[in-house]
Amino acid sequence: MSTLRALRAEHYPRATEHIPEMVAMITTLLEQGNAYMADGDVYFRIATFPAYGELSHLDRAGLRPGARVSTDKYDKESVSDFALWKKSQPGDEKLGAGWDAPFGLGRPGWHIECSAMSKRYLGDTLDIHAGGIDLMFPHHENEIAQSEAANHKTFARVWLHSEHLADATGEKMSKSAGAFTTLRDLLNAGHDPLAIRFFLIANAHYRARLRLSNETLHSAAEQVRRLREFADRVNRTQPAAEDDANFTARVAEVRTGYREALDDDLNLPHGIGLVFELIREANAALDAERVGEQGLAELRGLIDEVDAHLDVVHAEEPGLAEEVERLIAEREDARKSRDFAKADRIREDLRQRGIALEDSKEGVRWRRVK
RNA sequence: GGCGACGUAGCCAAGUGGCAAGGCAGAGGUCUGCAAAACCUCCAUCCCCAGUUCGAUUCUGGGCGUCGCCUCCA
């Protein structure tokens, strides 16, 4: 997660350390009649929760009971009732998977932990509950049922379900099917972490399936490079004597558009599109020296705002390697004496070491490349 | 079989009832000692058919195709 520069959560609660919270919630559900015991297990009684299925627009009548009954041969009242607590099975204790509860030795069902732990750390009502689209049913549906039945409060105000990452063929990456690519794989293949980050959050809308391929990652890497080049240029450019009011207004306009795109269900791809459009215009304006003090300030403000979300521009400011600077100076001397063979050799040597040089009016710049 | 999502240029992708953002890749230029970066120019009858409409990629219906969920992976 740190490779991708993801922020850490405040809490990483462990289910096994919150058994009492789960037991308490199950007890409440039992007392209220939202749950019942059957053959030593505790099940949630879906019949007591009419809203069940609303999140996933599931028509319970359309469920195929056959599919689960074969593996779930217990005395449930309804096939869709799900387990809150399962009595200990032979062998459970060896694994340390057995806890004492008023309703018998056993282990929690596999949805109750989320209800119990989110209640403890975040309260009865969450502002936003996020998760992968495949968790919508049954996991989130069950969470809602448990939490709302127990707490008598709305469980989550907003649900944010993201689509899956898929491989280049469009198939969902699946751990069980053995078809997946790890972050480590990508890094080993030479992909830049920042490019991977950009790809993941900005390549497509979060509700659209992302397809991972060398081509999409390369595209992301180029976009990151372009953003960074531009930010770099804005930072080292001296303001023009006068501002072009039209240009300054244009930057503000894009900034507003960017915000509106994000406000519209986090449409980052759209917002980024606006920003790239502006970058082209801004580069042209910078060439024409139409950007003064105010224009530069506007541009910096926009970059900062965008990078607050992308976090790929200000990331890892590489310190200037003294040797690179020395070689650049040496090459400059060679160029001044028109010894281009030597100048090109130095540039090529650096290139081999992953350092690219760019000559410009403001001097020589260098950056890391693959 | 049930429920749902999607189908936009070589690739990724946004979007709207009124001549289709952006990025990558590609072609040609400008600039440069050569490059790089940057800029300019070029590159799509929006899966098919029918309907509604003055007008549909955008709405409706029907196809075809891809994918997801309906499994105690959570």
Side-chain angles (χ1 to χ4, degrees), chain A residues 15 53 56-72 79-80 82-83 86 107-114 131-143 161 163-164 166 168-172 174-177 195 198-199 202-205 207-230 232-233 257 261 264 267-288 334-336 338-341 343-344 347-348 351 356-362 364-367 369:
Chain A
S56 49
H57 311 290
L58 210 65
D59 177 9
R60 276 189 291 142
L63 286 182
R64 274 209 324 212
R68 340 178 41 165
V69 163
S70 57
T71 55
D72 235 337
V79 285
S80 359
F82 57 92
K86 303 283 281 186
R107 60 171 176 80
W110 293 4
H111 306 290
I112 191 70
E113 65 187 67
C114 291
I133 186 73
D134 59 338
L135 269 58
M136 188 155 71
F137 183 86
H139 185 56
H140 292 158
E141 209 69 74
N142 292 352
E143 277 186 75
H161 286 109
E163 250 298 349
H164 281 289
T169 65
E171 300 270 344
K172 170 192 166 193
S174 162
K175 214 189 260 184
S176 52
F198 184 90
F199 164 75
N203 188 71
H205 188 256
R207 281 190 284 99
R209 192 187 352 265
L210 267 180
R211 263 182 297 203
L212 183 71
S213 69
N214 282 330
E215 211 166 357
T216 53
L217 281 175
H218 169 74
S219 176
E222 283 301 305
Q223 292 181 77
V224 168
R225 185 195 57 71
R226 190 160 157 80
L227 281 168
R228 293 178 64 117
E229 288 277 353
F230 179 69
D232 201 31
R233 180 174 189 186
D264 183 12
N267 198 337
L268 193 54
H270 183 213
I272 294 301
L274 298 175
V275 170
F276 275 112
E277 203 174 356
L278 177 73
I279 286 178
R280 179 168 41 74
E281 293 169 19
N283 271 316
L286 287 165
D287 285 344
R335 288 179 75 204
K336 279 190 188 111
R338 304 194 72 79
D339 183 354
F340 294 123
D344 286 349
R347 181 170 63 187
E348 186 52 32
R351 175 86 206 184
L357 299 187
E358 293 173 9
D359 299 334
S360 73
K361 283 178 196 145
E362 291 85 20
V364 182
R365 288 185 298 128
W366 63 277
R367 62 189 170 88
V369 294

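Every chain is numbered from 1 and lettered A, B, ... according to where its sequence line falls, protein lines coming before strand lines.
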### Complement of B:C69, any strand, by Watson-Crick or G-U distances under 3.5 angstrom
B:G2

### Query
What is the nucleic acid contact for A:H164, judged by heavy atoms within less than 4.0 Å: base, sugar-phosphate only, or nothing?
nothing

### Query
When we call it a touch if two heavy atoms are under 4.0 Å apart, what does A:D344 touch: a base, just sugar-phosphate, or nothing?
base

### Message
Please give the distance between the P atoms of B:G15 and B:A5 as a whole number of Å.
### Response
16 Å

### Query
Hey, which of these two, A:D264 or A:C114, hits RNA chain B nearer its 5' end, going by closest nucleotide?
A:D264

## Note on the structure
Separation of B:C40 atom P from A:N283 atom CG, nearest Å, is 9 Å

#### Entry: Nucleotide B:U32, atom C1' - distance to CZ of A:R338 in whole Å
12 Å

#### Entry: Integer angstrom distance from the P of B:C11 to that of B:C48
15 Å

### Query
Between A:F199 and A:L212, is any pair of side-chain heavy atoms under 4.5 Å apart?
yes

### Query
Parallel, tilted or perpendicular: which describes the rings of A:F82 and A:H111, with under 30° parallel and over 60° perpendicular?
perpendicular

### Query
Of the nucleotides B:C72, B:A37, B:G15, which one has an atom closest to the side chain of A:W110?
B:C72

### Summary
Taken to the nearest 0.5 Å, the spacing of A:R207 CZ from A:H161 NE2 works out to 11.5 Å

### Query
Taking the C1' atom of each, how far is B:C12 from B:C69, in whole Å?
26 Å

### Nucleotide forming a Watson-Crick or wobble pair with B:A74, both distances under 3.5 Å
none

### Query
OP1 or OP2 of B:C67 less than 4.0 angstrom from a side-chain nitrogen or oxygen of A:R209, does that happen here?
no

### Query
Starting at CG of A:D232 and ending at P of B:A36, how long is that distance when rounded to a whole Å?
19 Å

### Task
Indicate whether OP1 or OP2 belonging to B:A38 is found under 4.0 Å from a side-chain N or O atom of A:R225.
yes

### Task
Could you work out the separation of B:U45 and B:U58 based on their C1' atoms and round it to a whole Å?
15 Å

### Message
Would you say A:R280 places a side-chain N or O within less than 4.0 Å of OP1 or OP2 belonging to B:C40?
### Response
yes

### Query
Under 4.0 Å: is that the gap between some side-chain N or O of A:H270 and OP1 or OP2 of B:G22?
no

### Query
Which atom names give the shortest non-hydrogen contact between A:H270 and A:A261, and what distance separates them?
ND1-CB, 3.8 Å

### Query
Yes or no on side chain to side chain contact (heavy atoms under 4.5 Å, CB included) for A:N267 and A:H205, after CA distance, side-chain angles and deciding distance?
CA-CA 6 Å; A:N267 198 337; A:H205 188 256; 4.2 Å; yes

### Query
How far, in whole Å, is B:A56 from B:U32 if one measures between their C1' atoms?
49 Å

### Message
Does the structure show a Watson-Crick or G-U wobble partner for B:C42, both distances under 3.5 Å? Name it, or say none.
### Response
B:G26

### Task
Quick one: label A:E215 by what it contacts on the DNA or RNA (base, sugar-phosphate, nothing), any heavy atom closer than 4.0 Å.
base

### Message
In this structure, how many angstroms lie between the C1' atom of B:G23 and the CZ atom of A:F198, rounded?
### Response
8 Å

### Query
Who is the Watson-Crick or G-U wobble partner of B:A21, with both distances under 3.5 Å?
none

### Task
Please lay out, stage by stage, how A:H139 and A:E143 fare under the test side chain to side chain contact (heavy atoms under 4.5 Å, CB included).
CA-CA 6 Å; A:H139 185 56; A:E143 277 186 75; 3.2 Å; yes

### Task
Using a strict 4.0 Å threshold on nitrogen-to-oxygen distance, state whether A:E222 and A:R225 make a salt bridge.
yes

### Whole-angstrom distance between B:G61 and B:U52, as gauged at atom C1'
11 Å

### Query
OP1 or OP2 of B:C39 less than 4.0 angstrom from a side-chain nitrogen or oxygen of A:R226, does that happen here?
yes

### Message
Please classify the nucleic acid contact of A:E163 as base, sugar-phosphate, or nothing, using heavy-atom distances under 4.0 Å.
### Response
nothing

### Task
For B:G28 versus B:G68, give the span between their C1' atoms, rounded off to a whole number of Å.
44 Å

### Query
Looking across every strand, which nucleic acid part, if any, lies under 4.0 Å from A:D287 by heavy atom: base, sugar-phosphate, or nothing?
sugar-phosphate

#### Entry: Residue A:E358, side-chain heavy atoms: nucleotide from B:C70, B:C34, B:A37 that is nearest
B:A37

### Task
Check whether any side-chain heavy atom of A:H164 lies under 4.5 Å from a side-chain heavy atom of A:I133, and answer yes or no.
yes

## Note on the structure
If pairing means Watson-Crick or G-U wobble with both distances under 3.5 Å, then the partner of B:U58 is none

## Note on the structure
In whole angstroms, the gap separating P of B:A14 from CG of A:L210 amounts to 9 Å

### Message
Using the C1' atom as the point on both nucleotides, what is the distance between B:C42 and B:C54, in whole Å?
### Response
34 Å

### Query
A:E281 versus A:L278: any side-chain heavy-atom pair under 4.5 Å?
yes

### Message
Using Watson-Crick or G-U wobble geometry with both distances under 3.5 Å, which nucleotide pairs with B:C31?
### Response
none

### Task
Rounded to the nearest angstrom, tell me the gap between atom CD1 in A:I279 and atom P in B:G23.
9 Å

### Message
With the six-membered base ring of B:G23 as reference, does the ring of A:F276 sit under 5.5 Å away with planes under 30° apart?
### Response
no

### Message
Counting the atoms with a prime plus P, OP1 and OP2 as sugar-phosphate, which does A:R233 contact under 4.0 Å by heavy atoms, base, sugar-phosphate, or nothing?
### Response
sugar-phosphate

### Query
Is the shortest side-chain N/O distance from A:R211 to OP1 or OP2 of B:A13 below 4.0 Å?
yes

### Task
Please state how far atom CG in A:N214 lies from atom C1' in B:C12, giving the value in whole angstrom units.
13 Å

### Query
Could you give the NE2-to-C1' distance, from A:H139 to B:C69, as a whole number of Å?
15 Å

### Query
Among B:A37, B:A35, B:A74, which nucleotide sits nearest the side chain of A:R347?
B:A35

### Query
Counting just side-chain N and O atoms, does A:N203 come under 4.0 Å of either OP1 or OP2 of B:G23?
no

### Message
I want to verify a distance call: between B:C24, B:A74, B:G33, whose nearest atom is closest to the A:L135 side chain?
### Response
B:A74

#### Entry: Among B:C72, B:C24, B:A14, the nucleotide that comes nearest once only the side chain of A:S219 is considered
B:C24

